[in-house]
Amino acid sequence: MPTQQNRSIESTSLRTHLCANLRASDVGSTVTVCGWVARRREHGEHLAFLDVRDYSGIVQCVVDNAVDVRSEWVVQITGKVQPRPDGTVNKNLSTGEIELSDCTITVLNAAEPPPFPIDARADDVDENVRLKYRYLDIRRERMQRNLRIRSKVNSAIRGAMEAQQFVEVETPFLMPSTPEGAREFLVPSRKEPGSFYALPQSPQLWKQLLMVAGIDRYYQIARCLRDEDLRADRQYEFMQLDAEMSFVTKDDVLAAISKAVVAAAEAVLGETPPTIEQITWRDAMNRFGVDKPDMRFGMELVELTAVFSSTEFKAFSSAACIKGIRVDATLYPEQAAYGRNKLDALTDRAKQIGAKGLVWMKVGEGLALDSPVAKFLSDAERASLVSSMGAQNGDLLLLVADEWATTCEVLGTLRNDLARPPVHEGPYKYVWVIDFPLFVGVNATTGKPQPGHHPFCQPHPDDIERLESDPMSVRALAYDLVLNGWELGSGSIRIHDPEMQRRVFRQLGISDEDADKRFGFFLQPFKYGAPPHGGFAFGTDRLVAILAGEENIREVIAFPKTQSGSDPMTNAPTPVNPAQLNELGIRLLPPPAKS
RNA sequence: GGUCCCGUGGUGAAGUUGGAGUUCACGCCGCCCUGUCAAGGCGGAGGUCGCGGGUUCGAGUCCCGUCGGGACCGCCA
């Protein structure tokens, strides 16, 4: 055993080397490894091979078949590194040229057979079983790799932020409830029964206060909690790089965040991504039909309103906006050849999203259009449509005529449904979506506009004069970062002027008194000299998943929850002792009656 | 709250028109085996077909409900 002084970083009091780091250059030396028995191959009374695994990988040990060690037993093995005999080298292993012989085996712990194989075959095992035995799942190479990528990303982000003089400040987990936005997790107060803390949806309020406080540049790799339904890219708990800067414009923020994202990608992939391009929200909607465009593939929306400006076809003549997408028969032969059933399913999908209908046309020989509605169009309209869309024989054209937003959203969804590759497939396409609208839609109960991002976003300076006269046309200094069609995060320049904040609140239907009541602790500080500031937050789980080649963030989280929010390993959430509830002043309602 | 898919020894699958808990691979246990590397050979154990109800002479299979898991819509300022 080495002494404390002369050890390599990976050696410990119990081992000299990691399994997979032994090489032909170590031949002749006596080494000690520790790990789990990955596999045992028996070859008669006095010969067996053990594959011993630690996080680095495996090494083969030659032992007497009499030794009693089995799958997943924890062993310490001291042996001599020797070259493998001619013809027995395994090129698939980093340690394939050598093996350990004359082994002394110490069983550190026996083990029951695992419920699933601790290797790539467990990729096919029911995820519920993997989560129930997550500590075994994580022994596998895939999870080891993913969690180490995650660590690298966090480290690279910290490095990039520190290099830009951002200061890491931790913010509270227990805070007042602010019911706007996502549903919060509540924590009952013991000392004030009937009162509750909320867990942070994000550190948004705190980081703006830190700007008032003169921190200048704040960051935190922060845990955020939202009690909303889970998805492949959403967990109750998730991590964000949260950042805020003083005395900046949008471009300063984008540049600072870009450095962190680029550093993370570099650390994982070993190559620098190209400069992140920008697209306005309106262009994104017009070209891709979504505010998180996947720009890895084409099939962009084509503007057709002018083509049908004087059409007699009623569904088109009454529509504010007509657009189409072209399913290229060369690139997407299967989709372009969809039969009636599939086309009906697409129509249902379009209606589900809010369209009145979906017009499909199949392009045939001589660029003739085969469609239930073709007969309602003039020859000139058909020809103009074909040329506008660049249609070729065999293509499928999908058209929607509706309000602008509906037309875009429906075609954008169909475009993704028909042609979007898995999120982790390269090439990685990062894009900043800028100039989001300040308000989106109308609150059903108040009839007032709703904030597009959050109520503290600075309106675009060119649009401020229309804040009262035409609020829905006002852009915000708000921006999203999108990677391969996944929203990584969003940010904005914030309002730092109390008067401007009041004007925006009024548009949202929040009176000055309401604002004081709901946001008082947050607005009060802004009277004491708030610097112009802005910031951003992006989800690191999503970034790690994509960089790790995973389609689901559960694969890059050590102990995630299932879609219903439970943990098969701990069984959380669980009922609690009535005494605990009493102490908190909480009485449970009877379970809802089942109808 | 909604739509769709899945649930069969420890794991993954197959199971026909409704006809005996049947089959395959891996794992597990035992025996054999001196150069394998997802070793190989022989033998064996292992099941409330998620659960409950219904139809039927008979249900893994059909119907209803329910639980669990997954994908999506709503939701996620």
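Labels below follow one simple rule: chain letters A, B, ... track the order of the sequence lines, proteins then strands, and each chain is numbered from 1. Bear in mind that the values here come from a model prediction, so they are computed numbers and not experimental data.
The side chain of A:N65 lies closest to B:C33, out of B:A71, B:C76, B:C33. When each of B:C76, B:A71, B:C73 is scored by its nearest atom to the side-chain atoms of A:N552, the top-ranked nucleotide is B:A71. Here the side chain of A:E228 is nearest to one of B:C75, B:G69, B:C72, namely B:C75. Here the side chain of A:F116 is nearest to one of B:C37, B:U11, B:G70, namely B:U11. Checked against B:C32, B:G1, B:C72, the side chain of A:D229 finds its nearest nucleotide in B:G1.
Going from the C1' atom of B:G50 to that of B:G9 covers 14 Å, rounded to whole Å. Taking atom P in both B:G15 and B:G27, the straight-line distance is 24 Å, to the nearest Å. Taking the C1' atom of each, B:A13 and B:G54 are spaced 30 Å apart, rounded to whole Å. On the C1' atoms, B:U16 is 15 Å away from B:A59, given to the nearest whole Å. If you take atom C1' in B:C5 and the same atom in B:G47, they sit 25 Å apart, rounded to whole Å. For the P atoms, the distance linking B:C26 with B:C62 amounts to 30 Å, nearest Å. As rounded to the nearest Å, B:C6 and B:C29 have P atoms that lie 35 Å from one another. Using P as the reference atom, B:C24 and B:G43 are 12 Å apart when rounded to the nearest Å.
Of the residues near RNA chain B, A:R234 and A:I58, the one whose nearest nucleotide (by heavy atom distance) lies more toward the 5' end is A:I58. Between A:R542 and A:S564, the residue anchored nearer the 5' end of RNA chain B, judged by the nucleotide with its closest heavy atom, is A:S564.
The two residues A:L411 and A:L398 make their nearest non-hydrogen contact at CD2-O, 3.8 Å. Heavy atoms only, all atoms of each residue included: A:V433 and A:T280 are closest at CG1-C, 4.3 Å.
As the counterpart of B:A45, no nucleotide is assigned, since no Watson-Crick or G-U wobble pattern has both distances under 3.5 Å. With a cut-off of 3.5 Å on both pairing distances, the Watson-Crick or G-U wobble partner of B:G52 is B:C64. When Watson-Crick and G-U wobble pairs are counted only if both distances are under 3.5 Å, B:A25 pairs with B:U11.
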Can you give me the N/O atom pairs linking the protein to nucleotides 25-29 of chain B at distances under 3.5 Å, or say none if there are none?
residue: B:C26; atom: O2'; partner: A:R121; partner atom: NH1; Å: 3.1
residue: B:C28; atom: OP1; partner: A:S71; partner atom: OG; Å: 3.4
residue: B:C29; atom: OP1; partner: A:R70; partner atom: NH1; Å: 2.4

Could I get a table of every N or O pair under 3.5 Å where one atom is in the protein and the other is in nucleotides 34-36 of chain B?
residue: B:U34; atom: O4'; partner: A:H43; partner atom: O; Å: 2.7
residue: B:G35; atom: N1; partner: A:E99; partner atom: OE2; Å: 3.0
residue: B:G35; atom: N2; partner: A:E99; partner atom: OE1; Å: 2.4
residue: B:G35; atom: N2; partner: A:E99; partner atom: OE2; Å: 3.2
residue: B:U36; atom: O4'; partner: A:H43; partner atom: NE2; Å: 3.3
residue: B:U36; atom: O2'; partner: A:H43; partner atom: NE2; Å: 3.4
residue: B:U36; atom: O2; partner: A:R41; partner atom: NE; Å: 2.6
residue: B:U36; atom: O2; partner: A:R41; partner atom: NH2; Å: 3.3
residue: B:U36; atom: O2; partner: A:Q60; partner atom: OE1; Å: 3.3
residue: B:U36; atom: N3; partner: A:Q60; partner atom: OE1; Å: 2.8
residue: B:U36; atom: N3; partner: A:Q60; partner atom: NE2; Å: 3.1
residue: B:U36; atom: O4; partner: A:Q60; partner atom: NE2; Å: 2.9
residue: B:U36; atom: O4; partner: A:R84; partner atom: NH1; Å: 3.3

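Salt bridge A:D567/A:K561: absent, no basic N to carboxylate O contact under 4.0 Å. A salt bridge does not link A:R140 with A:D119: none of the charged nitrogens is closer than 4.0 Å to a carboxylate oxygen.
For the pair A:I495 and A:V504, the minimum side-chain heavy-atom distance is below 4.5 Å. At a threshold of 4.5 Å between non-hydrogen side-chain atoms, the residues A:C224 and A:P203 count as touching.
Per the geometry, CD belonging to A:E42 stands 10 Å off C1' belonging to B:C32, to the nearest Å. Distance, A:D233 CG to B:G70 C1': 14 Å, rounded to whole Å. B:C37 atom P lies 11 Å from atom CG of A:D51, rounded to whole Å. Note: CZ (A:F238) to C1' (B:C75) measures 14 Å, nearest angstrom. Atom C1' of nucleotide B:C76 and atom CD of A:Q201 are separated by 10 Å, given to the nearest angstrom. As rounded to whole Å, 15 Å separates atom C1' of B:C73 from atom CG of A:L230. Separating the CG atom of A:D119 from the P atom of B:A38 is a distance of 10 Å, rounded to the nearest angstrom. For the pair A:R40 CZ and B:C33 P, the computed distance is 14 Å after rounding to whole Å.
With A:Y236 contributing its side chain and A:E228 its backbone, the two residues share no donor-acceptor pair below 3.5 Å. A:E244 places no side-chain N or O within donor-acceptor distance of the main-chain N or O of A:K207, the cut-off being under 3.5 Å. Not a single donor-acceptor pair under 3.5 Å links the side chain of A:D227 to the backbone N or O of A:R183. A distance-only check finds no donor-acceptor pair linking the side chain of A:R121 to the backbone of A:I118 [under 3.5 Å].
Residue-level contact check: A:A48 touches neither bases nor backbone, having no heavy atom under 4.0 Å from any strand. A:E127 comes within contact range of the sugar-phosphate backbone alone, with a heavy-atom separation under 4.0 Å but no base atom that close. Across all strands, A:N90 comes closer than 4.0 Å to base atoms (heavy-atom distances). Heavy atoms of A:P568 sit nowhere under 4.0 angstrom from any nucleic acid atom.
Under the rule for a salt bridge (charged side-chain N to carboxylate O under 4.0 Å, His left out), A:E425 has no partner lying at least two apart in sequence or in another chain.
Between the CD atom in A:Q144 and the OG atom in A:S56 there is a gap of 9.5 Å [rounded to 0.5 Å].
Donor-acceptor pairing under 3.5 Å, judged by distance alone, is absent between the side chain of A:Q352 and the base of B:C73.
Residue A:R130 places no side-chain N or O under 4.0 Å from the OP1 or OP2 atom of B:G12. At the phosphate of B:G50, neither OP1 nor OP2 sits under 4.0 Å from any side-chain N or O atom of A:N128. For the pair A:T413 and B:C73, the criterion of a side-chain N or O lying under 4.0 Å from OP1 or OP2 is not met.
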